[in-house]
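Quick notes on the structure that follows.
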Amino acid sequence: PKDLPVPKLHGLMLGGVAPRPIAFASTVDRDGNPNLSPYSFFNVFGSNPPLAIFSPARRVRDNTTKDTLRNAQETGEVVIHTVSYDMVQQVSLSSGEYASGINEFIKAGFSPVPSLKVAPPRVKESPFHMECKVREIIQTGSSGGAGNLIICEVVLIHIHSRVLDAKEAIDPFKLDAVARAGGNWYVRAQGEALFEVPKPTGKGGVGIDALPDPIKNSKLLSGNDLGQLGNLPELPTMDRCRDMYQSPALQSFLAEHDKNLSAEHLAKVLLEQQQAQEAFALLMVHTNSKL
């Protein structure tokens, strides 16, 4: 990193560490004047206590600091909002280099609503708000590009009912969150960009190393394919594989697909449908039929 100019390194890090969630932070100065600005050096870092950390880094071009940092130092309070797709253009507008004292709520057309435990107002348009008290600010350097880690303890959370599912969990499709990539690029967590990966069982999956060599050494199955098979809590016995192969569900699946497709191709289709046990059974039956 020391061999690169800071602007070049900065761009590479933002491009390579992506997507990053956006902390849309509202603060007030000691006189109560509001400020609103987005930061993608951000994440949550615990739930007991609930902590969020974001970093208004020193500007690379001129080593100046931002109003958000000064306000957090003066008042020790901030509200962090999630950015959804339907507000991203306004959020981008609010990131402009406005002079101190300019109200970005007005500039970007956002609706301020009172917070309950802190002074900074909340952004009505965001579906998720965290009222926070600043616990600590860590300055990582004094040159352009250095971070200022604002460690916040969440004291109150507001969640709009429109983003909750029937179990009162946050539905990612309804949240429609936006994240930052490098340059002018953003990522929308919606549509085919969202997919599920089942978590390993408590004791962990069997691992790719436990798969039979013909499967493990396949030239068609990808690392993701093998990862799904290796995530099985145990490998079905050969008798169990034959039973699954003969099941109406798997026989119906086979009847619907081209008979000229290899077992590996068919297994990939099953894995795309999150049917790892059935894919393993299919591979084992066809592998053993060749022995």
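The figures that follow rest on heavy atoms only: side chains count, while hydrogens, waters and symmetry mates do not.
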Next item on the list: Compare every heavy atom of R58 with every heavy atom of S142, then report the nearest pair and how far apart it is.
Entry: O-NE, 3.5 Å
Next item on the list: Output, in order, the C-alpha distance, side-chain angles, deciding distance and verdict of side-chain contact (heavy atoms from CB on, under 4.5 Å) for L36 and T27.
Entry: CA-CA 7 Å; L36 191 58; T27 56; over 6 Å; no
Item checked: F253 vs L266, side-chain contact (heavy atoms from CB on, under 4.5 Å): CA-CA, chis, key distance, verdict -> CA-CA 9 Å; F253 167 83; L266 293 168; 4.2 Å; yes
Notebook entry, point to check: Do N35 and E104 pass the side-chain contact (heavy atoms from CB on, under 4.5 Å) test, and can you show the C-alpha distance, the side-chain angles, and the key distance before you say yes or no?
Noted result: CA-CA 6 Å; N35 181 268; E104 286 85 2; 3.2 Å; yes
Margin query: When you group the ILVMFWY residues by side-chain heavy-atom contacts below 4.5 Å and let the links chain together, are V269 and L232 in the same group?
Written below: yes
Next item on the list: Provide the full list of salt bridge (charged side-chain N to carboxylate O under 4.0 Å, His left out) pairs with a residue in residues 221-237, sequence neighbours left out, each pair given once.
Entry: D225-K268
Next item on the list: Rounded to the nearest 0.5 Å, what's the gap from CD1 on I215 to CG on L226? Could you check?
Entry: 8.5 Å
Next item on the list: Consider only side-chain heavy atoms of I, L, V, M, F, W and Y, link residues closer than 4.5 Å, and tell whether F42 and I157 are in one cluster.
Entry: yes
Check: Is it true that atom CE of M13 has more than 12 heavy atoms of other residues, nucleotides or ligands lying nearer than 6.0 Å?
Finding: no
Margin query: Looking at every non-hydrogen atom in both residues, tell me the closest pair between V60 and P7 and how far apart they are.
Written below: CG1-CG, 3.8 Å
Next item on the list: Check whether any side-chain N or O of Q190 sits under 3.5 Å from a backbone N or O of A177 as a donor-acceptor pair, and report yes or no.
Entry: no
Item checked: Whether over 12 other heavy atoms sit under 6.0 Å from H257 NE2 -> yes
Check: Can any side-chain N or O of Q275 pair as donor or acceptor with the backbone N or O of L270 at less than 3.5 Å?
Finding: no
Notebook entry, point to check: Of V118, T82, L156, V154, which is the lone residue that meets side chain to side chain contact (heavy atoms under 4.5 Å, CB included) with M130?
Noted result: V154
Item checked: Partners passing side-chain contact (heavy atoms from CB on, under 4.5 Å) against Y245 (at least two apart in sequence or in another chain) -> L250, Q251, L254, L282, V285, H286
Check: Can any side-chain N or O of N231 pair as donor or acceptor with the backbone N or O of G227 at less than 3.5 Å?
Finding: no
Check: Is D171 reaching over with its side chain to a backbone N or O of L164, donor-acceptor style, under 3.5 angstrom?
Finding: no
Next item on the list: List the steps and the verdict of side-chain contact (heavy atoms from CB on, under 4.5 Å) for D176 and D86.
Entry: CA-CA 8 Å; D176 203 7; D86 58 6; 5.9 Å; no
Note to self: Using modelled atom types and a 3.5 Å cut-off, is there a donor and acceptor pairing between side-chain atoms of E153 and backbone atoms of R135?
What the structure shows: no
Checklist line | Intermediate values then yes/no, side-chain hydrogen bond (donor to acceptor under 3.5 Å, both in side chains), S40 and R180 | finding: CA-CA 6 Å; S40 66; R180 283 290 275 124; 5.1 Å; no
Next item on the list: List the atom of A57, the atom of G145, and the distance in Å for their closest heavy-atom pair.
Entry: CB-O, 4.2 Å
Next item on the list: Flag yes if more than 12 heavy atoms outside N63 fall under 6.0 Å of its CG atom; otherwise flag no.
Entry: yes
Checklist line | For the student: nearest non-hydrogen atoms of P112 and P121, plus distance | finding: CB-CB, 4.0 Å
Checklist line | Sidechain N-carboxylate O distance under 4.0 Å for R240, D243 | finding: no
Atom pairs and distances, side-chain donor-acceptor, residues 73-81, under 3.5 Å, sequence neighbours left out:
residue : atom : partner : partner atom : Å
E74     : OE1  : R30     : N            : 3.2
E74     : OE2  : R30     : NH1          : 3.2
T75     : OG1  : N71     : O            : 2.9
T75     : OG1  : E77     : N            : 3.4
E77     : OE1  : A119    : N            : 2.7
E77     : OE2  : K133    : NZ           : 2.7
H81     : ND1  : F24     : O            : 2.8
H81     : NE2  : V123    : N            : 2.8

Item checked: Ionic contact status for D62 with R59, cut-off 4.0 Å -> no
Check: Looking at side-chain heavy atoms only, is the closest gap between F128 and V163 below 4.5 Å?
Finding: no
Note to self: I'd like to check F45 versus L149 (side-chain heavy atoms, cut-off strictly below 4.5 Å). Are they in contact?
What the structure shows: no
Margin query: For N184, I'd like to know if atom CG has over 12 heavy atoms of other residues, nucleotides or ligands within 6.0 Å.
Written below: no
Notebook entry, point to check: Is the backbone N or O of P50 less than 3.5 Å from a side-chain atom of S47, with the two atoms forming a donor-acceptor pair by type?
Noted result: no
Note to self: Would you say that more than 12 heavy atoms from the other residues, nucleotides or ligands in this model lie under 6.0 Å from the CZ of F173, or not?
What the structure shows: yes
Check: Linking I/L/V/M/F/W/Y whenever any side-chain heavy atoms sit under 4.5 Å apart, do L194 and I22 land together?
Finding: no
Checklist line | Check: L283 main-chain N/O paired with T287 side-chain donor or acceptor under 3.5 Å | finding: yes
Check: Between the main-chain N or O of L116 and the side-chain N or O of E131, is there a donor-acceptor pair closer than 3.5 Å?
Finding: yes
Check: Do the non-hydrogen side-chain atoms of R122 and P114 ever get within less than 4.5 Å of each other?
Finding: no
Next item on the list: Evaluate the ring planes of H129 and H158, with Trp represented by its six-membered ring, and classify them as parallel (under 30°), tilted (30 to 60°) or perpendicular (over 60°).
Entry: tilted
Next item on the list: For F54, enumerate each residue passing the ring-ring contact (aromatic ring centres under 6.0 Å, His included) test, keeping only those at least two apart in sequence or located in another chain.
Entry: Y39
Checklist line | Minimum heavy-atom distance between G144 and V6, given as atom pair plus value | finding: O-CG1, 3.8 Å
Notebook entry, point to check: Going by heavy atoms in the side chains, are T65 and P56 under 4.5 Å from each other?
Noted result: no
Check: Taking atom CD of Q274 as the centre, does the number of heavy atoms from other residues, nucleotides or ligands within less than 6.0 Å exceed 12?
Finding: yes
Notebook entry, point to check: Could you give the distance from CG (L9) to NZ (K2), rounded to the nearest 0.5 Å?
Noted result: 10.0 Å
Next item on the list: Applying side-chain contact (heavy atoms from CB on, under 4.5 Å), name anything that partners N103, two or more places apart in sequence or on another chain.
Entry: P34, F105, I106
Next item on the list: Supply the atom-to-atom distance S37 OG to K66 NZ, rounded to the nearest 0.5 angstrom.
Entry: 6.0 Å
Notebook entry, point to check: Counting N and O atoms only, with roles assigned by atom type, does the side chain of D258 sit under 3.5 Å from a partner on the main chain of N260, one being a donor and the other an acceptor?
Noted result: yes
Item checked: Enclosure of E168 CD (heavy-atom neighbours >12, cutoff 6.0 Å) -> no
Notebook entry, point to check: So do the side chains of F110 and Q90 get within less than 4.5 Å of each other, counting heavy atoms only?
Noted result: yes
Notebook entry, point to check: Looking only at atom types and distance, does a side-chain atom of S55 sit under 3.5 Å from a main-chain N or O of N148, one as donor and one as acceptor?
Noted result: yes
Check: Heavy-atom distance under 4.5 Å between the side chains of N43 and P21, does that happen here?
Finding: yes
Note to self: A side-chain contact here means heavy atoms from C-beta on lying under 4.5 Å apart; do L211 and L235 qualify?
What the structure shows: yes
Note to self: As an exercise, state the distance from CD1 of I137 to CD1 of I53, rounded to the nearest 0.5 Å.
What the structure shows: 12.0 Å
Note to self: Holding to side-chain contact (heavy atoms from CB on, under 4.5 Å), I want the full list of residues that pass it with N48, two or more places apart in sequence or in another chain.
What the structure shows: none
Checklist line | Considering all heavy atoms, the nearest S126-M87 contact | finding: CA-SD, 3.8 Å
Notebook entry, point to check: Taking C-beta and beyond as the side chain, do V91 and V178 meet within less than 4.5 Å on heavy atoms?
Noted result: no
Margin query: I need the K107 NZ to S95 OG distance, nearest 0.5 Å.
Written below: 13.5 Å
